[in-house]
J.: 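Just dropping this structure here.
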Amino acid sequence: MSFIPAKFRAVLLAFTATIVLLLVFLLAASWLAKAPYASDQVFGKVRTGELWSPNARFIDDWYAVEALDDGTFIIGEPKSSQYNSSYLLAGQERALLIDAGSGERPASARSIRAVAESLTTKPVMLMLSHFHFDHTGDLDAFDGALVLATPDLKARAEGGKLALDASETLTGARDLRILRWVAPGEKLELGGRSIEVRGTPGHAHESASFIDHERRFVFAGDFLYQHLGGLVAFLPGSDVGVYADEIGKLLQATGKTYRYFGAHGVPEFDAAWAGKVHKAMRDLAVGTAEPVLGETYLAPGVPLRMHQQDQLLIYQPPLASAPMLFSWRGLGVLLAALVAITAIFWRLFRTLGRSKSGV
Ligand SMILES: [Zn+2]
């Protein structure tokens, strides 16, 4: 290396050191961030592909259904990577389908709309618990959906449509036709059956929960569920303070006599679990919890702030965020940063080279 001038060598060393430090930091973080569960035990008492309850049965190679009563159905996808559940609530005049499926069904399987229509003779309306890609799978099978009238969604809507971006579907950007806006707190009348739609931000700002007060059911989407994959409070729009407040309000409006259902893992949990999540989320919001470095089964190797209490895990904004890294914008930023760093060092090299040869 003696043919390289001393100043060059210093810059080269600094450049290499920076890159190595960055790599070491990322590797160390992802090595330290241990998954707090065995990967096949993420869903607790059930494994991928198994039925969640003795009352559930496979209706074909992909879907399984459990009737909670004569008009309430869990439509499960036990073979999906996140063990998804969607819900069908039928009244005497119409039925409400909560979520459009995981988007992971094989092409040979029916759309979730066809499944819903096989369970009720009433017209099926779709409403999403929130707009993440793992709940919008069969959106194209519907003419549109009821949409929660949050300020953000209202501002995004144009010409009666919502433009969904690639993070909100598995099949690329597309338009969702808004059949009707539903105000937070509004009651959907299904005919002899009334469903309260609550805005429950926290996991996503547009999260909705659905309450049947008469039958004492709560359908909470990804706002609340129970499995070792943990609750996700790190996506854009996530906020632990808001999350804690909203769980508290939902518990006040429902309580111990209600049955709760989530969108991932074993569908049903109880108010005690919701109360435990409420307390943990509040601890996080006021800073009395002590998060550690962890990773979720959704993004192995990506270090996240994790708060764990026994079976309860909550993930918060990470050192490097998965959606940030795994989007075109994220990759673009990363690439731009690399180009900028290289350009700066390149210039330094050249300047030093010129001043050297000028001497
Ligand atoms: Zn989800």
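Keep in mind it's a predicted model, so treat the numbers as computed, not measured. Each ligand, and each atom within it, is numbered from 1 in the order the structure gives.
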J.: Please check if atom CZ in Arg57 has more than 12 non-hydrogen atoms from other residues, nucleotides or ligands closer than 6.0 Å.
T.: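 No, not enclosed.
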J.: Phe223 vs Tyr243 aromatic rings, parallel, tilted or perpendicular, using cut-offs 30° and 60°?
T.: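 It falls in the parallel class, under 30°.
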J.: Regarding Arg198 and Glu196, does a basic nitrogen lie under 4.0 Å from an acidic carboxylate oxygen?
T.: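 Between Glu196 and Arg198 there is a salt bridge, with a charged N closer than 4.0 Å to a carboxylate O.
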J.: Check whether His132 reaches the backbone of Glu168 with its side chain - one donor and one acceptor, N or O, closer than 3.5 Å.
T.: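 Flag not set: sc His132 to bb Glu168 has no pair under 3.5 Å.
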J.: Is the number of heavy atoms from other residues, nucleotides or ligands within 6.0 Å of CD (Gln309) greater than 12?
T.: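 Atom CD in Gln309 is crowded, with more than 12 foreign heavy atoms closer than 6.0 Å.
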J.: Rounded to the nearest 0.5 Å, what separates atom CZ in Arg156 from atom CG in Leu164?
T.: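 Going from CZ on Arg156 over to CG on Leu164, the span is 6.0 Å.
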J.: How many N, O or S atoms of the protein are nearer than 2.8 Å to the Zn ion (ligand 1)?
T.: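 That number is 4, waters not included.
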